[in-house]
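Step one of this worksheet: look at the structure below.
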Amino acid sequence: ASSRKNRLSVLTWAAVVCLLVNLMFGCTPASSTSGDAGQAEEHHHGHGHRPESYTAALKQIRSARDDVKAAFDAGTPKACDEALHVLAEVLVALPEVAAETDLPKEDWQVVKDQSKSLFDQFMKIHNGFHGDGEPGASFDSVETEVDAAIEILESKVSATGEKDADVADEQAHGDHD
């Protein structure tokens with residue numbers, strides 16, 4: 001049973017790695033020097049949940065976090081499965097999105113690290129839905145790490161130079177429950 005469990009775990013992670021590689025390297029970034037909407041639209045092919053801006057990504061991340069928490073609070077954790085799939089796509093795209101902003105290059109690694117941290121925390125939950133029968137993590141068990149990573153990402157918003165960064169900064173400093 002242990003050997004089978006290990007094989008399923010390896011297969012699950014192999015599938016996740018394939019998805020990530022495809023999402024990360026499936027297409028090249030749109031030119032940040034061109035304002036051509038056609039190029040930007042072309043870049044979004046196949047990325048149905050790729051955020052249009054860093055601030056939009058953080059709004060999607062915060063919304064998905066809230067959806068996951070609400071599903072667990074309601075006693076229906078599997079109801080957040082789709083939100084976790086969307087969230088994974090957003091988190092994989094976030095470092096590329098951040099690199100397309102005015103965010104200083106030295107902050108890119110912070111964004112990448114926090115995106116990976118969030119991805120890892122949410123995968124702990126998600127593995128219970130599609131894993132080998134082992135229960136996934138509860139939201140309560142990852143909430144502290146999730147909220148800390150989101151706060152770090154939100155602290156970078158004003159450095160992006162995005163026009164809606166002020167709105168996001170206000171949200172970042174507000175009460176999130």
Side-chain angles (χ1 to χ4, degrees), residues 8-9 11-27 43-98 100-101 110-157 160 162 164-165 167-177:
L8 286 172
S9 181
L11 290 174
T12 300
W13 280 108
V16 169
V17 168
C18 288
L19 173 67
L20 289 176
V21 168
N22 184 40
L23 289 172
M24 293 177 84
F25 302 108
C27 60
H43 173 70
H44 291 285
H45 71 277
H47 295 288
H49 301 288
R50 185 187 188 280
E52 294 185 21
S53 68
Y54 185 83
T55 306
L58 292 184
K59 288 176 185 175
Q60 286 180 278
I61 291 167
R62 175 65 66 186
S63 176
R65 175 248 183 245
D66 293 345
D67 290 346
V68 172
K69 180 176 177 22
F72 273 86
D73 288 349
T76 57
K78 286 190 178 184
C80 70
D81 188 37
E82 181 60 27
L84 290 171
H85 287 263
V86 171
L87 181 61
E89 291 182 42
V90 173
L91 291 171
V92 169
L94 185 59
E96 180 183 312
V97 171
E100 295 170 355
T101 70
V110 173
V111 171
K112 183 177 179 181
D113 291 346
Q114 296 310 310
S115 296
K116 181 181 181 331
S117 175
L118 282 169
F119 184 88
D120 291 346
Q121 295 306 313
F122 283 112
M123 280 305 293
K124 290 178 183 177
I125 293 171
H126 189 258
N127 284 341
F129 301 153
H130 304 290
D132 55 8
E134 294 290 321
S138 68
F139 182 76
D140 289 343
S141 70
V142 300
E143 184 173 16
T144 300
E145 293 86 357
V146 164
D147 289 347
I150 291 173
E151 285 183 28
I152 291 168
L153 291 171
E154 287 175 336
S155 75
K156 304 298 179 191
V157 169
T160 65
E162 293 179 353
D164 54 352
V167 173
D169 274 342
E170 289 174 21
Q171 291 175 342
H173 300 295
D175 182 28
H176 297 295
D177 17 285

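For reference, positions follow the sequence shown, starting with 1.
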May I ask you to decide if the ring planes of F139 and F72 are parallel, tilted or perpendicular, using 30° and 60° as cut-offs?
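Tilted: the ring planes of F139 and F72 meet at 30° to 60°.
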How long is the straight-line distance from [atom2] of [Y] back to [atom1] of [X], given to the nearest 0.5 Å?
X    : Y    : atom1 : atom2 : value
E162 : T55  : CD    : OG1   : 3.5 Å
Q114 : F119 : CD    : CZ    : 15.0 Å
I125 : D81  : CD1   : CG    : 11.0 Å
L91  : Q60  : CG    : CD    : 10.0 Å
K69  : S138 : NZ    : OG    : 10.5 Å
E82  : D67  : CD    : CG    : 11.0 Å

Main-chain N/O of [Y] paired with [X] side-chain donor or acceptor, under 3.5 Å:
X    : Y    : value
Y54  : L153 : yes
S155 : I152 : yes
S63  : K59  : no

Nearest atoms (heavy-atom pairs only) where [X] meets [Y]:
X    : Y    : result
S115 : P95  : OG-CD, 3.9 Å
A149 : L118 : CB-CG, 3.6 Å
L84  : F129 : CD1-CE1, 3.5 Å
P77  : C80  : O-SG, 2.9 Å

Going by an N to O cut-off under 4.0 Å, is there a salt bridge joining D120 and K116?
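Result for this pair is yes, salt bridge flagged.
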For R65, the option from E143, E145, E154, E151 that meets salt bridge (Lys or Arg N to Asp or Glu O under 4.0 Å):
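Answer to the salt bridge (Lys or Arg N to Asp or Glu O under 4.0 Å) test with R65 among E143, E145, E154, E151: E143.
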Working for side chain to side chain contact (heavy atoms under 4.5 Å, CB included), residues R62 and D66:
CA-CA 6 Å; R62 175 65 66 186; D66 293 345; 4.0 Å; yes
Below 4.5 Å, heavy atoms only, C-beta onward: do [X] and [Y] meet side chain to side chain?
X   : Y   : answer
P51 : V90 : yes
I61 : L87 : yes
E96 : R50 : yes

